[in-house]
Amino acid sequence: QLQLVESGGGSVQAGGSLRLSCTAPGEIYPSNCLGWFRQPPGKQREVIATIYTGFSGGGPYYVDSVQGRFTVSLNNAKNTMYLQMNSLKPEDTAMYYCAARGGDYCSPDIGRYTGRYWGQGTQVTVSS
């Protein structure tokens with residue numbers, strides 16, 4: 001079973017920053033649409049950002065709630081996707097997951113993104 005591995009979660013005060021990492025197996029990282037999801041306590045999991053690992057595949061795309069505060073980037077040499085989270089708010093508290101879907105591009109309609117391969121998640125807690 002192919003699995004992604006997240007790291008970098010933790011606790012931070014409001015206004016602080018964290019950077020999450022997601023490393024994917026070599027079998028699925030190339031030419032893939034990767035995504036970040038989060039699941040706040042008691043709520044459904046939601047996609048927040050996507051990015052394509054190949055050329056001309058679209059992205060990054062963000063949901064409105066993180067646009068301008070979160071940045072997705074790639075290190076293709078390490079098969080790793082990052083999520084830089086700045087200006088964190090208590091409502092950003094959630095379990096964060098990364099996912100890979102496959103395909104030739106990432107759709108700008110980010111809400112339609114679904115993952116095929118998943119990581120185990122990493123907890124982010126933002127205190128006020």
Side-chain angles (χ1 to χ4, degrees):
Q1 180 75 15
L2 296 175
Q3 188 171 28
L4 291 73
V5 179
E6 303 102 334
S7 63
S11 297
V12 64
Q13 289 191 328
S17 298
L18 283 173
R19 189 179 79 157
L20 307 183
S21 299
C22 169
T23 300
E27 297 94 321
I28 61 176
Y29 181 89
S31 300
N32 206 316
C33 184
L34 304 182
W36 284 103
F37 287 74
R38 68 183 180 186
Q39 186 168 17
K43 297 184 179 181
Q44 289 188 334
R45 187 164 52 188
E46 61 171 349
V47 59
I48 59 172
T50 59
I51 189 168
Y52 193 72
T53 61
F55 292 103
S56 303
Y61 302 110
Y62 304 92
V63 294
D64 289 346
S65 59
V66 306
Q67 180 77 49
R69 299 188 299 123
F70 291 10
T71 302
V72 178
S73 62
L74 301 171
N75 184 329
N76 290 340
K78 296 183 178 181
N79 291 352
T80 299
M81 171 178 65
Y82 302 99
L83 182 67
Q84 178 67 43
M85 305 185 293
N86 298 329
S87 302
L88 282 162
K89 306 174 181 180
E91 52 263 44
D92 294 318
T93 295
M95 184 70 79
Y96 283 71
Y97 300 88
C98 63
R101 186 202 68 189
D104 297 327
Y105 67 99
C106 286
S107 170
D109 188 1
I110 186 174
R112 298 178 60 186
Y113 181 85
T114 57
R116 178 180 179 185
Y117 303 102
W118 292 87
Q120 80 289 351
T122 186
Q123 178 68 38
V124 172
T125 302
V126 184
S127 58
S128 58

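Remember, predicted model here, so these are calculated numbers, not experimental data. Note that these values count all heavy atoms, side chains included, but never hydrogens, waters or copies made by symmetry.
Nearest heavy atom pair, residue G9 against residue L20, reads N-CD2, 3.5 Å. Of all non-hydrogen atoms in A99 and G115, the two that sit nearest each other are CB-CA, 3.9 Å. Pairing each heavy atom of S17 with each of S87, the nearest pair is OG-N, 4.4 Å. The two atoms that bring P90 and S127 nearest to each other are CG-C, 4.5 Å, heavy atoms only. The minimum heavy-atom distance linking V47 with Y113 is given by the pair CG2-CD2, 4.0 Å. S65 and R38 make their closest contact through OG-NH2, 3.5 Å (heavy atoms, listed as atom of the first residue, atom of the second, distance).
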For this session: Evaluate side chain to side chain contact (heavy atoms under 4.5 Å, CB included) for W36 paired with V66, printing each intermediate quantity in order.
Result: CA-CA 11 Å; W36 284 103; V66 306; over 6 Å; no
For this session: Could you please spell out the steps behind the side-chain hydrogen bond (donor to acceptor under 3.5 Å, both in side chains) verdict for N76 and Y29?
Result: CA-CA 8 Å; N76 290 340; Y29 181 89; 2.5 Å; yes
For this session: Show the numbers, then the answer: is there a side-chain hydrogen bond (donor to acceptor under 3.5 Å, both in side chains) between T23 and N79?
Result: CA-CA 6 Å; T23 300; N79 291 352; over 6 Å; no
For this session: Please report the C-alpha distance between T93 and T125 in whole Å, then the side-chain angles of each, then the deciding distance to 0.1 Å, and finally whether the side-chain hydrogen bond (donor to acceptor under 3.5 Å, both in side chains) criterion is met.
Result: CA-CA 5 Å; T93 295; T125 302; 5.3 Å; no
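For the atom pair CD (Q13) and OG (S128), the distance works out to 9.0 Å, reported to the nearest 0.5 Å. Rounding to the nearest 0.5 Å places OG of S31 at 4.0 Å from OH of Y52. Note that SG of C98 and CD of Q120 are 7.5 Å apart. Values are rounded to the nearest 0.5 Å. The distance from the CZ atom of R116 to the CZ atom of R101 is 11.5 Å, given to the nearest 0.5 Å. Separating the CZ atom in F37 from the OG1 atom in T114 is a distance of 7.0 Å, to the nearest 0.5 Å.
Note: the hydrophobic cluster containing Y82 does not contain L88 (ILVMFWY, side chain heavy atoms under 4.5 Å, direct or indirect links). When hydrophobic clusters are built by joining Ile, Leu, Val, Met, Phe, Trp and Tyr residues whose side-chain heavy atoms come closer than 4.5 Å, directly or via intermediates, Y61 is grouped together with V63. Put simply, L18 and V126 are part of the same group of oily side chains (I, L, V, M, F, W, Y) that touch within less than 4.5 Å, one to the next. Note: the hydrophobic cluster containing V12 also contains M95 (ILVMFWY, side chain heavy atoms under 4.5 Å, direct or indirect links). Residues M85 and I110 are members of one and the same hydrophobic cluster, defined by side-chain heavy-atom contacts under 4.5 angstrom among Ile, Leu, Val, Met, Phe, Trp and Tyr.
Between Y97 and W118, the ring-plane angle classifies as perpendicular under the 30° and 60° cut-offs.
In this structure Y96 satisfies the ring-ring contact (aromatic ring centres under 6.0 Å, His included) test with no other residue, sequence neighbours excluded.
T53 places a side-chain N or O within donor-acceptor distance of the main-chain N or O of N32, the cut-off being under 3.5 Å. Using a distance-only test at 3.5 Å, with no hydrogens or angles considered, no donor-acceptor pair links the side chain of E6 to the main chain of C22. Y62 places a side-chain N or O within 3.5 Å of a backbone atom of V72 that can act as its donor or acceptor partner.
The only option from L4, I51, N75 that meets the side chain to side chain contact (heavy atoms under 4.5 Å, CB included) definition with M81 turns out to be I51.
Within 6.0 Å of CG in D64 there are 12 or fewer heavy atoms belonging to other residues, nucleotides or ligands.
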